[in-house]
Each structure stands twice: as structure tokens, then as C-alpha cells.
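Just so you know, ligand 1 is whichever comes first in the structure, and atom 1 is the first atom listed for that ligand. When reading the values below, keep in mind they use all heavy atoms of this one structure, side chains included, and skip hydrogens, waters and symmetry mates. We count residues from 1, following the sequence as given.
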Amino acid sequence: MIINNAKLRGKQGLHSIECENGRFVSIIEQDGLVIPLESSLDAKMNLLSAPFVEPHIHLDAVFTAGEPNWNLSGTLFEGIERWAERKPMLTSEDVQRRVLKAVQLLVENGVQHIRTHVDITDPELVALKAIVALKEKLSAYIDLQIVAFPQEGILSFPNGKQLMEKALEQGADVIGGIPHFEYTREYGVESMRWIIDLAEKHGKLVDVHCDEIDDGASRFLEVLATAALEKGIGERVTASHTSAMHSYNNAYCSKLFRLLKKSKINFIALPTENMHLQGRFDGYPKIRGITRVKEIKDAGMNICFGQDSIQDPWYTLGNGKLLRVLDSGIHSCHMMGYEDLETALDLITDNGAKTLNISENYGIEVGKPANFIILEGSNDVEVIQKQGDVLYSVREGEILISRQPATLNQTIPLIE
Ligand code: FE2
């Protein structure tokens with residue numbers, strides 16, 4: 001396959017890209033516009049980018065909003081209660097049917113790499129087994145990382161530690177945690193140290209729902225970062241949400257950033273989800289409850305965006321479109337300055353790949369797998385301005401999806 005007339009991120013001019021046997025074999029700057037041969041793909045001066053990365057979603061819960069009851073308060077904790085009512089109704093068929101529907105939405109919107117959290121506070125591990133069984137079948141469309149996520153706690157749920165170990169035996173790739181939901185601060189601290197030890201023992205990645213609460217006194221992030229630093233595994237560790245950082249005082253945050261930088265851990269912000277769930281205990285003014293994305297980025301740490309939910313007990317909307325999440329995130333995090341906009345797609349591409357520890361096989365480079373998308377617009381700023389569709393998603397040189405931009409059938413009369 002040869003792709004002509006492609007714009008590339010951070011590069012001038014138009015490029016011609018050749019793929020062979022599922023890999024990029026050449027990327028060259030064109031000398032002017034090229035009329036493509038019939039067998040080639042014409043990017044029409046649109047942006048060719050590495051695929052979107054969805055680093056944080058709960059595929060086991062997708063499309064369960066309102067089943068059996070709606071989350072009326074809109075809080076995180078009522079979401080957990082509603083989900084606990086839905087959980088006994090899970091069957092393998094039910095989970096797989098909903099996961100496939102969500103994966104199709106994600107693929108249609110340019111995602112090829114997904115990290116999903118799967119609730120393992122279930123003695124039968126129904127959802128985990130159902131999703132592990134799909135992983136291989138889905139590999140032609142997406143790479144899937146599965147987080148063993150203890151939704152109702154590790155120390156606060158019966159046999160929580162054993163369930164985590166069983167989930168790893170069943171095929172989970174990543175160890176999760178939820179320290180702010182444990183019964184006590186002590187349980188939260190112990191859970192963080194325990195999962196880091198477990199990750200070191202099994203050579204696993206870690207991704208913790210960390211301090212997803214509007215409590216400025218929720219400080220499990222410092223425990224997670226310290227444990228990761230002391231074991232030297234920070235690049236394999238991720239702190240998701242860290243909403244409480246929004247409420248930390250600046251003096252504490254300044255001290256905390258020194259540790260976070262040294263630890264080299266990754267961050268995931270979930271802008272649409274946390275704008276919806278947080279600030280629920282405030283009168284006015286209401287906080288946004290999103291972590292300090294711009295400050296983390298400007299300090300040179302790795303941070304990316306995820307969507308968290310598609311129509312589940314925590315969030316009734318969601319449609320697989322990471323460009324929508326990016327748009328919300330840059331608005332709510334005051335990242336609309338031109339310098340931030342110029343590289344904004346990093347938040348749903350390269351930074352997500354780094355978080356998932358997949359950078360080695362990710363990106364538009366000769367020798368890497370020929371995975372890419374073509375977006376409406378010629379650079380990051382135009383893509384965000386247009387909020388257009390993903391025109392192509394190509395995986396190992398095979399077209400997964402394609403669509404045409406809208407065309408005008410009538411000419412709009414010019415204003416004299
Ligand atoms: Fe989450």
C-alpha cells in the first residue's frame with residue numbers, strides 16, 4: 001500500500017508512505033502534489049497520525065446505564081452502588097455482546113489500542129474471564145490491555161487479595177487499585193504498597209484509580225509514587241484520575257511534584273467523566289475536579305486523556321470519540337493556548353502509548369507496524385477545530401474503516 005499527499009504531525013510538506021507486509025517501509029517528502037495510482041490511498045492533504053489510544057475505559061460496564069436503576073445523584077459513589085446491583089446479572093454472553101459493541105464504536109473512531117479496567121470484586125470473575133476470552137479474537141482490530149480492577153476495594157472486599165492474584169492467573173495484564181474507596185486510610189496505604197510489591201513479583205504494569213474524590217486530604221498518590229520510586233518501576237505505573245489534586249493546596253502540590261517527577265509515573269485524566277462526577281458536594285463556586293493536567297504536562301511528566309465510560313452507571317453519554325474527550329479536556333484544563341493546541345493530539349496518541357508501555361511498536365516510523373489513521377485537517381489545530389471524522393483507520397497495512405467527508409451538493413451563493 002502507498003499513501004500519498006499525507007501531512008504528518010510536526011513535519012512540513014506532503015509525504016508519501018509505503019507499507020509492505022504490515023510495516024512501514026518508507027516515508028519520504030514529496031516534491032509537490034502526487035496523482036495517486038489506482039492502488040494507492042490519497043490522503044488529500046489530511047493528517048496521517050498514529051492511531052488513537054484509549055488508555056482508560058471500563059468495557060465490562062458499557063451500555064448498562066439505568067440497569068436496573070439510574071444513578072440519580074450523579075456521584076461516583078452512587079455509580080458504584082448502581083453497578084453493584086447490575087453485577088449479579090452479568091453473564092459471559094452479556095459482557096461479550098456489550099464489549100464487542102463498544103469495541104466497534106472505538107474502532108470506527110480511530111482507536112487501535114485500549115486499556116480496559118475490569119471489575120474483579122466478583123468471586124466468579126465473570127467479566128474478567130469473558131473479556132480475556134475475547135482478547136485474541138480482537139487482535140486484528142485492537143490491542144487490548146486488561147486491568148484487574150478491584151472496584152469495591154482490595155482490603156475492604158472479602159478475599160480481595162486472593163481475587164487479585166486469581167485475576168492475574170486468569171490473564172489480566174495490569175494490577176489496579178482504588179485506595180480512596182477502601183474503608184480506612186490505613187487500608188488505602190496498605191493496598192498501594194501491596195500492589196506495587198505484587199507488580200514487581202509478577203513483572204506486571206500498574207494502573208490505580210487514585211484519589212478520585214474531591215477530598216483535598218486524600219493523598220494516596222504520594223504513597224503510590226513513593227512505592228514506585230523505591231522499586232524503580234515508575235514508568236510501568238499509572239495514576240488515573242488523581243481528582244483530589246484539583247483540591248490540594250498549592251504548597252503541598254509543589255512539594256508533591258518533586259516526588260512525582262522523580263518517580264516517573266504516568267497520569268491519565270478523564271475530563272468528561274470527572275467534570276460530571278466531581279464537584280457534587282459544592283455549592284457555588286463548583287470545582288471541576290480534574291487533575292492538574294497542564295501543570296503535569298508543563299513539568300515534563302507524561303499525561304494522557306481517556307473517556308472512562310460509555311453509557312454506564314457513572315456516565316450516561318459517551319460514544320467512543322476521543323476527539324470529543326480531547327475537546328472537553330483542553331477547554332476545562334485551560335489548554336487552549338496555541339502552544340498547547342499545536343501538540344494537543346499527543347494527549348490521545350503518543351502519551352497514551354507511553355502510558356501503556358507500547359511506544360516501541362507505536363508511531364509513524366519505518367520498521368514499525370503500519371498502523372495509522374487519517375484525520376480531517378492538516379495539523380493538530382485544524383483537526384480539533386473541525387472536530388471531524390476519522391477518514392481511515394489502517395492496521396498492519398489493511399484498511400479497517402473508511403469514510404468520506406461531507407460534500408456540498410449545492411453551491412452557497414457568495415455574499416456581494
Ligand atoms: Fe475509571
Quiz prompt | Heteroatom test (N, O or S) for H117 near the Fe ion (ligand 1), limit 2.8 Å | solution =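 Of the N, O and S atoms in H117, none lies under 2.8 Å from the Fe ion (ligand 1), which means no.
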Quiz item: From D308, does some N, O or S atom reach closer than 2.8 Å to the Fe ion (ligand 1)?
Solution: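 A backbone or side-chain N, O or S atom of D308 is under 2.8 Å from the Fe ion (ligand 1).
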Quiz item: What angle, in degrees and rounded to 10°, do you get at the Fe ion (ligand 1) when you join it to NE2 of H209 and to NE2 of H58?
Solution: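 Nearest ten degrees: 90°.
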Quiz prompt | Matching residue for R86 among D94, N69, D312 - test: side-chain hydrogen bond (donor to acceptor under 3.5 Å, both in side chains) | solution =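 Running side-chain hydrogen bond (donor to acceptor under 3.5 Å, both in side chains) over D94, N69, D312 with R86 returns exactly one hit, D94.
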Exercise. If the plane angle is over 60° it's perpendicular, under 30° parallel, otherwise tilted; pick one for H209 and H241.
Key: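 The arrangement is tilted - the two ring planes meet at 30° to 60°.
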Quiz item: Between Y187 and Y183, how do the two ring planes meet: parallel, tilted or perpendicular, split at 30° and 60°?
Solution: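 Answer is tilted, since the angle falls between 30° and 60°.
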Exercise. Could you verify whether a donor N or O on one side chain and an acceptor N or O on the other, from W314 and N71, lie under 3.5 Å apart?
Key: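 No pair is found: no donor N or O on one side chain lies under 3.5 Å from an acceptor on the other.
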Quiz item: So which of the N, O or S atoms of H56 lies nearest the Fe ion (ligand 1)?
Solution: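 Distance check against the Fe ion (ligand 1) picks out NE2 in H56.
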